[in-house]
Q: 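If you scroll down you'll find the structure; I have some questions about it.
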Amino acid sequence: MNPARLLALVVSGLVAGFLGLNLLASLFADGVRLDLTEGRLYQLSPGTIEVINRLEEPITLNFYYSRGAAARYPALRAYGARVRELLRGVAARSGGRIQLSEIDPQPFSTAEDAAIAAGLEAVPTEDGGQLFFGLAGTNTLDGTRIIAFFDPAEEARLEYEIVRVIAELERARTPVIAIISSLPFAPGQDGRSANPMIDALAQTYDVRWLDERFSAIPDADALFLLHPPNLTEEQLYLVDQHVLRRGRVFVSIDPLAHLALRTGPDGLPPVNALRTSRLPRLLSRWGIGYDPTYTAMDREHGLPVQVNEAGRTRTRAYPLWFSVPPSGLSGTMPATAALSQGVNFGSPGIVQHLGGEADFTVLAATGQEGARIDSDIAATSPSPDVLQRDYTPDSSAPLALAARLSGPVSTAFPDGPPTGDIRFEASQHITGPADAEIIVIADADWLDPAFYLRADGAGGEQMVADNLALMLNLADALAGDPALVNLRSRTGSARPMLRVEALRSEAETRFRELQDALRAELSDAEGSLARLSAAGEASTLGGAAPASAARAEALRERIVAARAALRDVERGFRREIVALESRLQFWTIWVPPLLVIGLAILTTLLRRRRRT
């Protein structure tokens, strides 16, 4: 056969085989994926599969994505592909119960009108257009749930947000959470709270606030006591009976709540602000010990704070504010086992098991060097040096900061309801034992966004701890859908170059120290010169003595030299960073192809030598 014809047949066969293989794959292997990424980014979580498998009615998901507008933003385009793949995987897994449509809303089109009517947020682009990047889901009962905009900064919660939409469309009613709190978290007239955690809860649950004078507790799925006020005997009895009747309670108490004492615009803390919260009678009856006169510390995991030392600002670890890494969280409870960044606490209290029939599980604890300090001393905000100097690890460390009590509990009012302003029917008194699920965290400052959010330098915020994820996990475990618990705080697709970032951070720290020293020297010289000038001793023209004038001239030369050295330090830092990036580019961009080319040349030479 003619070689040219043979080649044409071979190429045609390969092309036909390739097209046929793709056609067969699209027909019989749609949704089949081999995920080899670290953290299994493209593999659906067990919670997602559980939610999908229990769907009985069809659900429609409309993915609104402005492809043309997003194409000009590489990071957004890459994240769009990530969202699309996850949605396709969910739809493929559902076996037809989830109908997925991708819609590119063009300007002034009916699709754009539908996106706006659904409540999606349009982001303005540089050319004056609009970019849609959200999800609208509907069920057969005309129920609607949306994701207004897929924020790339929230990639770790991407799967949770999508599955939350599906789960909310699938369930018959919205669970109710009743909240008792002395913190200023209640929503304002616009429906928004001053705290991101409360806003996140309100997106999923029917949150009902009880004021400090409450005389009844609604029939809620769960009761949250967030740094509660000083409750009366009647109110304590209402909580006691709710636990025995409904059995699901979350308690956040604190021996030293900085969040409650934060000053307002007038420079004063809120009226009736409580430094300490407690639940007398109830905790001990449930089998949980809590002594608000002591606060926990952990120097091993202290959070960085800025301190002023000899006129210089330095970053030091503060033992009273510390992080509990994943290793310090319970691996048996899904609410904490799924967290990957740890949880940050601020001067928390200590809890312990007092005994009883209910199972006691520690959810968060200090490290092996955990210590305790008198709460009154901690309230004076001692410096890191003072805390380190007097630091003595507790013999019972690690110290428990949060715990879960699961099992039978009895009433803290065995003699019946108390007498007072609230009238109770003695015939309705519940003595127990009754099964309960009680979670206690001996801290209120972990609710403060300052403990888990940081400005990212681009006008946004970065999640640096799993405080928010923990709150939502606990809500799902007590009142919502336990299947959603392990979906939060998944690893993002970004893979930072850790070695490069470490080298950059090391160089920045080194140059920053030099910079601080030079700036201190410059400030000292400028201050001395200013004092000489004010006294008229900076120049002989002003009548200054020769010695004073010479000293002033030396200070001027010192200022000029310090400024020049400061500029050299800044230029040196930039040069080192540029050199680091150049080396990185050389090893990652040039070396691999050069090695391939060299290997090819070497292989060719060896073959020629064998032939000769």
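Quick note: numbers below take in every heavy atom, side chains included, and nothing from hydrogens, waters or symmetry partners.
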Q: Between R246 and D219, is the salt bridge (charged side-chain N to carboxylate O under 4.0 Å, His left out) condition met? List the steps.
A: CA-CA 8 Å; R246 299 291 297 184; D219 189 22; 3.5 Å; yes

Q: I'd like to know if the side chain of N467 reaches the main chain of D448, judged simply by a donor and an acceptor atom lying under 3.5 Å from each other, with no hydrogens or angles considered.
A: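 Side chain of N467 to backbone of D448: no pair is present.
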
Q: According to salt bridge (charged side-chain N to carboxylate O under 4.0 Å, His left out), who are the partners of E300, at least two apart in sequence or on a separate chain?
A: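 Listed in chain order: nothing, the list is empty.
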
Q: Decide yes or no on side chain to side chain contact (heavy atoms under 4.5 Å, CB included) for S45 and Y160, but give the supporting numbers first.
A: CA-CA 10 Å; S45 300; Y160 163 76; over 6 Å; no

Q: Measure across G346 and D254 and return the closest heavy-atom pair with its distance rounded to 0.1 Å.
A: O-OD2, 4.3 Å

Q: Taking atom types as modelled, is there a side-chain donor on H301 or S323 under 3.5 Å from an acceptor on the other?
A: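 Side chains of H301 and S323: no pair found under 3.5 Å.
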
Q: Go through the steps to decide whether L478 and F224 satisfy the test side chain to side chain contact (heavy atoms under 4.5 Å, CB included), and finish with yes or no.
A: CA-CA 10 Å; L478 293 174; F224 280 29; 4.2 Å; yes

Q: Surrounding CZ of F185 (heavy atoms of other residues, nucleotides or ligands, distance under 6.0 Å), is the total greater than 12?
A: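 More than 12 heavy atoms, drawn from other residues, nucleotides or ligands, come within 6.0 Å of this atom.
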
Q: Only one of I198, V251, I180 clears side-chain contact (heavy atoms from CB on, under 4.5 Å) with L226; which?
A: I198

Q: Quick test of your reading: applying ring pair (Phe, Tyr, Trp, His ring centres under 6.0 Å), list the pairs with at least one residue in residues 373-394, sequence neighbours left out, ordered by first then second residue.
A: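 Of all non-adjacent pairs touching residues 373-394, none passes ring pair (Phe, Tyr, Trp, His ring centres under 6.0 Å).
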
Q: Restricting to salt bridge (charged side-chain N to carboxylate O under 4.0 Å, His left out), what partner residues turn up for E212, sequence neighbours left out?
A: none

Q: Under 3.5 Å, is there a donor-acceptor pair between the side chain of D394 and the main chain of G370?
A: no

Q: Which heavy atom in G137 sits nearest to a heavy atom in L169, and how many Å separate them?
A: C-CD1, 3.6 Å

Q: Return a table of donor-acceptor pairs under 3.5 angstrom between the side chains of residues 377-384 and protein atoms on other chains or two or more places apart.
A:
{"unit_1": "T380", "atom_1": "OG1", "unit_2": "I377", "atom_2": "O", "d": "2.5"}
{"unit_1": "S383", "atom_1": "OG", "unit_2": "V386", "atom_2": "N", "d": "3.2"}

Q: Using modelled atom types only, decide if a donor and an acceptor are shared between the side chain of T411 and the backbone of F413 within a distance under 3.5 Å.
A: yes

Q: The criterion is ring-ring contact (aromatic ring centres under 6.0 Å, His included); which residues satisfy it with F360, sequence neighbours excluded?
A: H353

Q: Determine yes or no for a side-chain-to-main-chain donor-acceptor pair under 3.5 angstrom, with S284 supplying the side chain and R281 the backbone.
A: yes

Q: Would you please name every residue forming a side-chain contact (heavy atoms from CB on, under 4.5 Å) with D211, sequence neighbours left out?
A: R213, F214

Q: Can you tell me which residue pairs pass the salt bridge (Lys or Arg N to Asp or Glu O under 4.0 Å) test with a partner in residues 396-421, sequence neighbours excluded?
A: R404-E437

Q: Go through R93 and I49 one step at a time and tell me if the side chain to side chain contact (heavy atoms under 4.5 Å, CB included) criterion holds.
A: CA-CA 8 Å; R93 179 78 188 193; I49 297 173; 3.4 Å; yes

Q: Please check if atom CD in Q306 has more than 12 non-hydrogen atoms from other residues, nucleotides or ligands closer than 6.0 Å.
A: yes

Q: Under the salt bridge (charged side-chain N to carboxylate O under 4.0 Å, His left out) rule, collect the residues that match up with D376, sequence neighbours excluded.
A: R275

Q: Using side-chain contact (heavy atoms from CB on, under 4.5 Å) as the criterion, list what pairs up with P433, not counting sequence neighbours.
A: P408, S410

Q: According to ring-ring contact (aromatic ring centres under 6.0 Å, His included), who are the partners of F451, at least two apart in sequence or on a separate chain?
A: W321

Q: Taking salt bridge (charged side-chain N to carboxylate O under 4.0 Å, His left out) as the test, write out the residues that go with R278, two or more places apart.
A: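 Counting only residues at least two positions away or on another chain, R278 forms no salt bridge (charged side-chain N to carboxylate O under 4.0 Å, His left out).
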
Q: Quick check: does any side chain N or O of N473 sit under 3.5 Å from a backbone N or O of A335, one acting as donor and the other as acceptor?
A: yes

Q: Kindly assign one of parallel, tilted or perpendicular to the pair F345 and F322, based on the angle between their ring planes and the thresholds 30° and 60°.
A: tilted

Q: Provide the closest heavy-atom pair for V165 versus I146 in the form atom of the first, atom of the second, distance.
A: CG2-O, 4.2 Å

Q: By the side-chain hydrogen bond (donor to acceptor under 3.5 Å, both in side chains) test, which pairs, at least two apart or in different chains, include something from residues 422-436?
A: Y237-H429

Q: Under the side chain to side chain contact (heavy atoms under 4.5 Å, CB included) rule, what do L86 and L44 come out as? Steps first, then yes or no, please.
A: CA-CA 8 Å; L86 181 55; L44 298 181; 3.6 Å; yes

Q: Answer yes or no: is there a donor N or O on one side and an acceptor on the other, between the side chain of D445 and the main chain of L259, under 3.5 Å?
A: yes

